[in-house]
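Every chain is numbered from 1, with letters handed out A, B, ... down the list of sequences. Just the heavy atoms: all of them, side chains too, but no hydrogens, waters or symmetry mates, feed the values below.
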Protein chains: 2
Amino acid sequence: MNGSKSRDTETVGGVRRSDVTRNAILEAARERFAADGYERATIRAIAKDARIDPSMVMRYYGNKEGLFAAAVSFDLRLPDLGTVARADIGRALVTHFLALWEENEEFTAMLRVGATNQAGAERMRDTFREQLLPAARQACPDPEQAPARAGLAASQLLGLALTRYVLRLPPTVALAREEIVAWLGPTLQRYLTAPSP
Amino acid sequence: MNGSKSRDTETVGGVRRSDVTRNAILEAARERFAADGYERATIRAIAKDARIDPSMVMRYYGNKEGLFAAAVSFDLRLPDLGTVARADIGRALVTHFLALWEENEEFTAMLRVGATNQAGAERMRDTFREQLLPAARQACPDPEQAPARAGLAASQLLGLALTRYVLRLPPTVALAREEIVAWLGPTLQRYLTAPSP
DNA sequence: AGCGTAGGCCAACACGTGTTGACAGTCCAG
DNA sequence: CTGGACTGTCAACACGTGTTGGCCTACGCT
């Protein structure tokens, strides 16, 4: 509906006076989406956290979906698996994802939303296809098998995130990061590089 | 509020005339919860599917939480791992869970609800503790390590359910059941029975 | 100084939710 | 046949939601 995207409301150097508000909204939105999921994260609650009026959210991000799209990034920042020693790929991936999930809760939000919201699931499929799958193509020998192997890897990685950060199964939460790497690393290594069983 | 639980409304042999309605409600609830998750599954929609009035749901199940509790079973029907050959435990578990998820969608509902709803997550923790953990105790050598190993197994099993039945990542959906058993069986076998890395 | 405009708040709308209570048909025991 | 319960429907309540438009303030340029 409101197509004006760039070029509205700048003063000097593209820095708008309202940027602090915009960022406050985004930050609050990230936390709420991560904690509550898409449906339970209300615009009113987000606005309250950001100490502004709910209508500001609408003004800056159009609607709730727009806010979610703006707040939650889907950049996995995957390392270039070409530079990683072939035998360390599994451990490297687990380490990377652990860091990703623990440094901020955006990706937990992705999970919660993907589990309930149709559009959220679609977006996770895109992320998988555009980021994890190319990485798998670099790691695994037969490119034709890459999708299946990436799917297997995703099942273990997302399962870890689900049980540890969303469901919070006590034994999974209690595991030290090194333990997780030691256990899951070989699994991913096998899914990505071992010959088909 | 209405404490009358048993002994109301029976005719002969404990068979109530309204049982067909009750079952219709439960069946519709299961489908809706599985498809939409707890928040998006509305009582009105469930009632419509069951072709009755929304108020009947309240009468028979008290409130939405009561309906969810009644509709979704949390019995994993795990086989006795004592009777399974030690080397086949991993494959047996994967096979069992695949059958569980594909025969009805209750357990997908559990996942969706656990991901968004606090009470749902709590209930999944209970299920884990009361059913998967005892099974793991039978399977793994050192009983002290059983919780961690059960947690690892849960991460892979729930991750499979998440990617295949909830997010529907195409490569994971495309895998044949035998392929999944062949890939994930060894993983679970290792998590449950192999020595600590 | 004056003015346009961006930033912000307030009140309200329309809608969907879970939930409740009053009312009508229906079956069965006495 | 009659009374009382069970089964079911209808309409409404109270509330929270996303969303909208009008209004006031205050900044920044000329």
Side-chain angles (χ1 to χ4, degrees), chain A residues 1-2 4-26 28-29 32-33 36-71 113 116-117 119, chain B residues 1-26 28-29 32-33 36-71 113 116-117 119-120:
Chain A
M1 288 300 162
N2 73 0
S4 62
K5 197 156 192 185
S6 61
R7 202 188 54 82
D8 63 347
T9 330
E10 17 184 321
T11 54
V12 300
V15 175
R16 282 161 304 203
R17 191 154 45 96
S18 62
D19 277 352
V20 291
T21 301
R22 293 179 125 94
N23 288 335
I25 294 175
L26 285 186
R32 282 286 175 184
F33 280 131
D36 301 337
Y38 188 80
E39 340 283 340
R40 293 173 78 100
T42 70
I43 288 190
R44 281 175 165 84
I46 292 170
K48 196 170 199 174
D49 289 359
R51 304 167 154 274
I52 46 91
D53 190 86
S55 61
M56 302 302 296
V57 177
M58 310 304 298
R59 166 130 49 192
Y60 290 143
Y61 299 101
N63 55 23
K64 193 177 178 181
E65 274 199 33
L67 173 63
F68 179 76
V113 174
T116 24
N117 191 272
Chain B
M1 288 303 161
N2 74 0
S4 62
K5 197 156 191 185
S6 62
R7 202 188 55 80
D8 63 345
T9 327
E10 10 184 327
T11 54
V12 300
V15 175
R16 281 160 306 206
R17 190 155 46 94
S18 61
D19 277 353
V20 290
T21 301
R22 292 179 125 95
N23 289 335
I25 293 176
L26 285 186
R32 282 286 175 182
F33 280 132
D36 301 337
Y38 188 80
E39 340 282 341
R40 295 173 76 102
T42 71
I43 289 190
R44 281 176 163 85
I46 293 170
K48 195 170 199 176
D49 289 359
R51 303 166 155 275
I52 45 91
D53 190 86
S55 62
M56 302 300 296
V57 177
M58 311 304 300
R59 180 166 353 221
Y60 289 143
Y61 299 101
N63 54 23
K64 193 178 179 180
E65 275 199 32
L67 173 63
F68 179 76
V113 175
T116 24
N117 191 271

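For A24(A), the side-chain contact (heavy atoms from CB on, under 4.5 Å) partners are A50(A), not counting sequence neighbours. The side-chain contact (heavy atoms from CB on, under 4.5 Å) test applied to S55(B) returns D53(B), not counting sequence neighbours. In terms of the side-chain contact (heavy atoms from CB on, under 4.5 Å) criterion, residue partners of A70(A) (sequence neighbours excluded) are, by chain and number, L26(A), Y61(A). With sequence neighbours left out, the side-chain hydrogen bond (donor to acceptor under 3.5 Å, both in side chains) criterion links N23(A) to no other residue. Partners of N117(A) by side-chain contact (heavy atoms from CB on, under 4.5 Å), not counting sequence neighbours, listed by chain and number: Y38(A), E39(A), V113(A), A119(A), R40(B).
If you measure from atom OH of Y60(B) to atom P of dC6(D), you get 10 Å, rounded to the nearest angstrom. As a whole-Å value, the separation of D19(B) CG from dG8(D) P is 10 Å. We find that CD1 of I25(A) is positioned 11 Å from P of dG7(C), with the value rounded to whole Å. The interatomic distance linking M56(B) (CE) with dC10(D) (C1') rounds to 13 Å, in whole Å. In this entry the distance linking CD1 of I52(A) with P of dG8(C) reads 9 Å, nearest Å.
Between T21(A) and dG8(C), a side-chain N or O to OP1/OP2 separation shorter than 4.0 Å is present.
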(Q) Output one letter per nucleotide in nucleotides 16-27 of chain D: B when a protein non-hydrogen atom lies under 4.0 Å from the base, S when only the sugar-phosphate is that close, - when neither is. (A) -BBBBB-----S
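No side-chain heavy atom of I43(B) sits under 4.5 Å from any side-chain heavy atom of N63(B).
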